[in-house]
Number of protein chains: 2
Amino acid sequence: MATISDVASLAGVSTATVSRALNGKSTVDPELAARVLAAARELGYQPNGPARNLRRQEAAVIALIISDVENPFFTAIARGVEDVAHAVGYSVVLCNADENADKERRYVDVAIQERVAGVIMSPTPTATNVDLLINRGTPLVAVDRPLPERPSDTVLVDTRLAAREATEHLMTQGYQRIGCVTGPSGVRTADDRLAGYRDALRAARMKSSPRLVRRTEFKAAGANRAAQDLLAQPEPPDALLVANSAMAIGVLAALNEASRRPGRDVGVVAFDDVPWAELVDPPLTVVAQPAYEIGTVAAQLLLARIADNTRAATTTTLGARLIERESSHRGDLP
Amino acid sequence: MATISDVASLAGVSTATVSRALNGKSTVDPELAARVLAAARELGYQPNGPARNLRRQEAAVIALIISDVENPFFTAIARGVEDVAHAVGYSVVLCNADENADKERRYVDVAIQERVAGVIMSPTPTATNVDLLINRGTPLVAVDRPLPERPSDTVLVDTRLAAREATEHLMTQGYQRIGCVTGPSGVRTADDRLAGYRDALRAARMKSSPRLVRRTEFKAAGANRAAQDLLAQPEPPDALLVANSAMAIGVLAALNEASRRPGRDVGVVAFDDVPWAELVDPPLTVVAQPAYEIGTVAAQLLLARIADNTRAATTTTLGARLIERESSHRGDLP
DNA sequence: CACGGTGGAGTAATCGTTTTCTCAGAAGCT
DNA sequence: AGCTTCTGAGAAAACGATTACTCCACCGTG
């Protein structure tokens, strides 16, 4: 594996010159530079990253720690981050914390040890050992959920308002007993969506009942049980607000099994616009979150903070958009 | 940022002893070890990764370069790789090449420069500069598609056979003019699925016509246009084999727009079982590939090769499973 | 002409580990 | 006791880049 000194001796110059020629940090004689380039190419020279990072005390890498690689919402964020980061020469490494505090801890440790330039993450409720990051002054941006207790740059969606609007939309459609299936307590987005749901009920002077609300992990299986459970009650809900797309799958499956048709029998609005939302029968009404944009904004904030870590922490809140389809239309029932 | 010598002086020992105590490579006096551990904890010591990797000449990291983060098939592979790698102390960094040879090149360069322990990738048809990896002797496993021209450990699905069986299934159901929407020429899985489709036609002595086949990128938009195009013909297909789940979305949308019902009017089988396959109307018949298992097997092969790079290259071929649902059932038409 | 300034290249220090030596002392053996 | 063997710990040499310094030659100016 060719090193910089191999290149240097082949080109007949010093390692310093090779470094300068290759990085363009300082001007070198064009003729020497050409010799260096030729030598590097001939040897197939690839700089040793660890050595470079050790000396520079920083890697041109940003770590993106997301809570679920299988959730299209997060992969869309990832694409946004990548596009911005690559444009300015940073690499992005994607880490899948899987809504698991241990894995999150582990990846944060890796990020610290590898001395990445910055971290973007959607923190778990405990957000264990992000303090380590903060104490070290590693630039950090939280996405989707704020960091509990600690200030930091944050990119959020006004999900409480969106949940309220979605619920109000269901009311407008004439649904009377609206239920909610949301994520685990402590996960900010789950809490906010529930709060927005309650905001809407309160504003309409509808009484909210715990029997209409279920909380489970953000997965299809849990939501499926929750929905079955809701529907089995004496007075089942006639509409449901569902907190993400994986859950929507579980809920729709439960409705199928119970032979209730979305829209006609039970109104459904789910968070996250997914490619298949228009294909299910009836098409699914969704709250579309600007996931890609969350990624681009987060990456820009992170780059700005890498450049200047003294800026005050900012919170950017993006809006969501209700996309009405048939799953929230009652039809012409009395 | 505390270094190993800070720990050493706080514990009153040499850096060598600290290193040994922390890595457990050699025996150190239990009392000293305890002092070291205490000092490390007190200082919040985190080893400097680049320095360690520089010295060790290898990072405990494996790079996973996939062609599309937004494709559930690849994210499932990623989870398989992660689970195996983490169990033995390796970190996984996920890189999204986005079916783009440039991005792939870039990530391969990063992998080389960072001296990762190994690489798992689903190569683009050109697979630019994997030669670099091979020449350097970096352990490499190809998944989903073989590396063109070069031998390497490979984990594949017998996708040609699966395509054949899926097509035969459509024949059994009574469809007469079966079409195929597959991916770009050169991408092995796209070619194989087309070949399997043709195998089935040939075996049944049905004539295959280029007018029944369309190739486009593995995305919904392209498949949508392809399907519209197929359906607009004078003699449109009465069934379609679709090469992945994103394409299935485009195809199903086209059928909707053309008011043709999957199953009854046009039989549909798509590759990749996705969570929403049972929710569309009618439920989608799919070829389920063992994605998670591809990931675990690939990771095991890679670890074996990291341990011993002299082994001969092996190819593991896993089977796929047809899951029959209604989109490939004609009903009782004459 | 002398002198300061400048540009370009080399020398060597440096980053923070791991690991090879080296060595002292303990232990085992005859 | 005298010898070898072994154990455990410290000193110091890597690892391969970047970069602060140094030095030389050359240029322009007073």
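Below, all heavy atoms of this structure are taken into account, side chains as well, without hydrogens, waters or symmetry copies. Chain A is the first sequence line, chain B the second, and so forth, proteins listed ahead of strands; every chain is numbered from 1.
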Exercise. Name the residue closer to the 5' end of DNA chain D, choosing between B/R115 and B/G12 according to the nucleotide with the nearest heavy atom.
Key: B/G12
Exercise. Hey, could you give me the CD/CD1 distance between B/E82 and B/I62, rounded to the nearest 0.5 Å?
Key: 9.5 Å
Self-check item: Residues from residues 27-44 of chain A lying under 4.0 Å of DNA chain C - heavy atoms
Solution: A/T27, A/V28, A/D29, A/L32
Quiz item: Would you say A/Q57 reaches C/dG16's phosphate, i.e. side-chain N/O to OP1/OP2 under 4.0 Å?
Solution: yes
Quiz item: Mapping B/R56 and B/R20 to their closest nucleotides on DNA chain D, which lands nearer the 5' end?
Solution: B/R20
Quiz prompt | Close residues, residues 45-52 of chain B, relative to DNA chain C [heavy-atom separation under 4.0 Å] | solution = B/Y45, B/P47, B/N48, B/A51, B/R52
Quiz item: Which heavy-atom pair separates B/Y90 from B/A117 by the least distance, and what is that distance?
Solution: CE2-CB, 3.6 Å
Exercise. Just compare C/dT18, C/dC15, C/dT19 and give me whichever is closest to any side-chain atom of B/I4.
Key: C/dT18
Quiz item: Counting just side-chain N and O atoms, does A/S14 come under 4.0 Å of either OP1 or OP2 of C/dA9?
Solution: no
Quiz item: Atom CG of A/L54 and atom C1' of C/dG16: how far apart are they, to the nearest Å?
Solution: 6 Å
Practice problem: Look at the side chain of A/S19 and decide which nucleotide, out of D/dT19, C/dG10, D/dA9, has an atom nearest to it. | Solution: D/dT19
Exercise. Could you grab the distance from atom OH of A/Y107 to atom CG of A/N96, nearest 0.5 Å is fine?
Key: 6.5 Å
Quiz item: Do B/E99 and B/R145 sit within salt-bridge range, that is, some charged N less than 4.0 Å from a carboxylate O?
Solution: yes
Exercise. Answer with base, sugar-phosphate or nothing: what part of the nucleic acid does A/N23 contact at a heavy-atom distance below 4.0 Å?
Key: sugar-phosphate
